[in-house]
K.L.:
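Here's a structure for you.
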Amino acid sequence: MLTADIPPNQSIYIQNLNEKVKKEELKRSLYCLFSQFGKILDVVALKTPKLRGQAWVAFSEVTAASNAVRQMQNFPFYDKPMRIQYAKAKSDCITKAEGTFVPKDKKRKQEEKVERKREEAQRPHTANGPTSQNGAPAPSFQPNGQEAMPPNNILFIQNLPHETTSPMLQYLFEQYPGFKEIRMIDAKPGIAFVEYEDDVQSSMSMQALQGFKITPQNPMVISFAKK
DNA sequence: AGCACA
């Protein structure tokens, strides 16, 4: 019931977004928030009566979309839990890249073609049970090969130069809204925890500072802390 | 609730 029966797609469809947020800000925030799952090709949001409160995020990989659908389900975003599904159709940015883009006025015809094809395809074995295509989801991985943690208001920072101090980190991380504190452990150099007021704010900061180099050899590796 | 590409 919650998970609609829509086949995987590299684009996700998000609803229950806060309609008070301006379109451009919404798109930027969605971009920041979802970049943690992989490369984003496009974010689409419209404020027309029929389409407000919804958005599409097109990823370069289906696996990124899958992780996003699972992990960000009900994520509180501007005070409202996001409802995420796979998109029903390919994004224009995808079909354009594939060379199969069909301009708007011709889309209607195209859809009819597809329907006819389906009817012809008289399924040989008529198994009409629920298609459990996502029975055993593959473990989710970040682009950097790290296992993805679910969102958390606390960030885990790795690969810091050992001489890093907490004021140095504070200087960097306090630029982003919701910053609360830095925690470092003397016995464990090279890592730190950074706390924000909520998951949205920590996600924004992660996106902004991911890979930031305190020294040329030390690109920061930022993930959500374990709960 | 609402699946588009202004």
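In what follows, every heavy atom counts, from backbone to side chain, and hydrogens, waters and symmetry copies are set aside. Just so it is clear: chains get the letters A, B, ... in the order the sequence lines come, proteins before strands, and each one is counted from 1. Please read these numbers as outputs of a predicted model, since none were measured by experiment.
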K.L.:
Between P on B/dA4 and CG on A/L30, what's the gap in Å once rounded to a whole number?
P.N.:
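Spelled out: CG on A/L30 to P on B/dA4 is 18 Å.
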K.L.:
I'd like to know if A/T48 reaches the base of B/dA4 with its side chain, counting only an N/O donor and acceptor under 3.5 Å.
P.N.:
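Not at all, since no donor on one side and acceptor on the other fall under 3.5 Å apart.
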K.L.:
Nearest whole angstrom, please: distance from the C1' of B/dA4 to the CG of A/D42.
P.N.:
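The answer, rounded to whole Å, is 10 Å.
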K.L.:
Anything under 3.5 Å between a donor and an acceptor, one on a side chain of residues 166-178 of chain A, the other on a protein residue two or more places apart or in another chain? List them.
P.N.:
| residue | atom | partner | partner atom | Å |
| --- | --- | --- | --- | --- |
| A/Q170 | NE2 | A/E174 | OE1 | 3.2 |
| A/Q175 | NE2 | A/L172 | O | 2.8 |

K.L.:
For A/K80 and A/N18, test the side chains for any donor-to-acceptor distance below 3.5 angstrom and give the result as yes or no.
P.N.:
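There is no such pair (donor and acceptor under 3.5 Å, judged by atom type) between the side chains of A/K80 and A/N18.
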K.L.:
Taking only distance into account, with no hydrogens and no angle test, what donor-acceptor pairs under 3.5 Å do side-chain atoms of residues 212-220 of chain A form with protein atoms, sequence neighbours excluded?
P.N.:
| residue | atom | partner | partner atom | Å |
| --- | --- | --- | --- | --- |
| A/T215 | OG1 | A/Q217 | N | 3.3 |
| A/T215 | OG1 | A/N218 | N | 3.4 |
| A/T215 | OG1 | A/N218 | OD1 | 2.5 |
| A/N218 | ND2 | A/N159 | O | 3.1 |

K.L.:
Suppose we screen for side-chain contact (heavy atoms from CB on, under 4.5 Å). Which residues come up paired with A/N152, at least two apart in sequence or across chains?
P.N.:
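Partners of A/N152 under the side-chain contact (heavy atoms from CB on, under 4.5 Å) test: A/I154, A/F224, A/A225, A/K227.
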K.L.:
If I take atom CG in residue A/L51 and atom P in nucleotide B/dC5, what distance separates them, rounded to the nearest angstrom?
P.N.:
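The distance from CG of A/L51 to P of B/dC5 comes to 7 Å, rounded to the nearest Å.
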K.L.:
Contact class for A/L46 (heavy atom, under 4.0 Å): base, sugar-phosphate, or nothing?
P.N.:
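Answer is base: heavy atoms of A/L46 come under 4.0 Å of a base.
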K.L.:
Counting only heavy atoms and a strict 4.0 angstrom limit, can you tell me which residues of residues 16-28 of chain A come near DNA chain B?
P.N.:
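Hits under 4.0 Å, by residue number: A/N16, A/E19.
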K.L.:
Name all residues meeting the ring pair (Phe, Tyr, Trp, His ring centres under 6.0 Å) criterion together with A/F156; count only those two or more places apart in sequence or in a different chain, and write none if there are none.
P.N.:
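Once residues adjacent in sequence are excluded, the partners of A/F156 under the ring pair (Phe, Tyr, Trp, His ring centres under 6.0 Å) criterion are A/F193.
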K.L.:
What's the CG-C1' distance between A/L41 and B/dA4, to the nearest Å?
P.N.:
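From A/L41 CG to B/dA4 C1': 16 Å.
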K.L.:
Let me know the distance between CD1 of A/I40 and C1' of B/dC5, rounded to the nearest Å.
P.N.:
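Going from A/I40 (CD1) to B/dC5 (C1'), I get 16 Å.
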K.L.:
Could you tell me which residues satisfy ring pair (Phe, Tyr, Trp, His ring centres under 6.0 Å) with A/F59, sequence neighbours excluded, listed by chain and number?
P.N.:
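Once residues adjacent in sequence are excluded, A/F59 has no partner under the ring pair (Phe, Tyr, Trp, His ring centres under 6.0 Å) criterion.
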K.L.:
When only distance counts, do a donor and an acceptor, one from the side chain of A/Q15 and one from the base of B/dC3, lie under 3.5 Å apart?
P.N.:
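Donor-acceptor pair under 3.5 Å: no.
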K.L.:
Taking atom C1' of B/dC3 as reference, at what distance in whole Å does atom CG of A/N9 sit?
P.N.:
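A/N9 atom CG is separated from B/dC3 atom C1' by 10 Å.
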K.L.:
B/dC5 C1' sits how many Å from A/I14 CD1, rounded?
P.N.:
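Going from CD1 in A/I14 over to C1' in B/dC5 covers 15 Å.
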K.L.:
Send over the distance from A/R52 CZ to B/dA6 C1', rounded to a whole Å.
P.N.:
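Distance check: A/R52 CZ to B/dA6 C1' gives 15 Å.
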K.L.:
For A/K50 and A/C93, find the nucleotide of DNA chain B closest to each by heavy atoms; which residue's nucleotide sits nearer the 5' end?
P.N.:
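This one resolves to A/K50.
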K.L.:
So, A/K47 side chain and A/E19 main chain: donor-acceptor pair closer than 3.5 Å or not?
P.N.:
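Such a contact is found between A/K47 side chain and A/E19 backbone.
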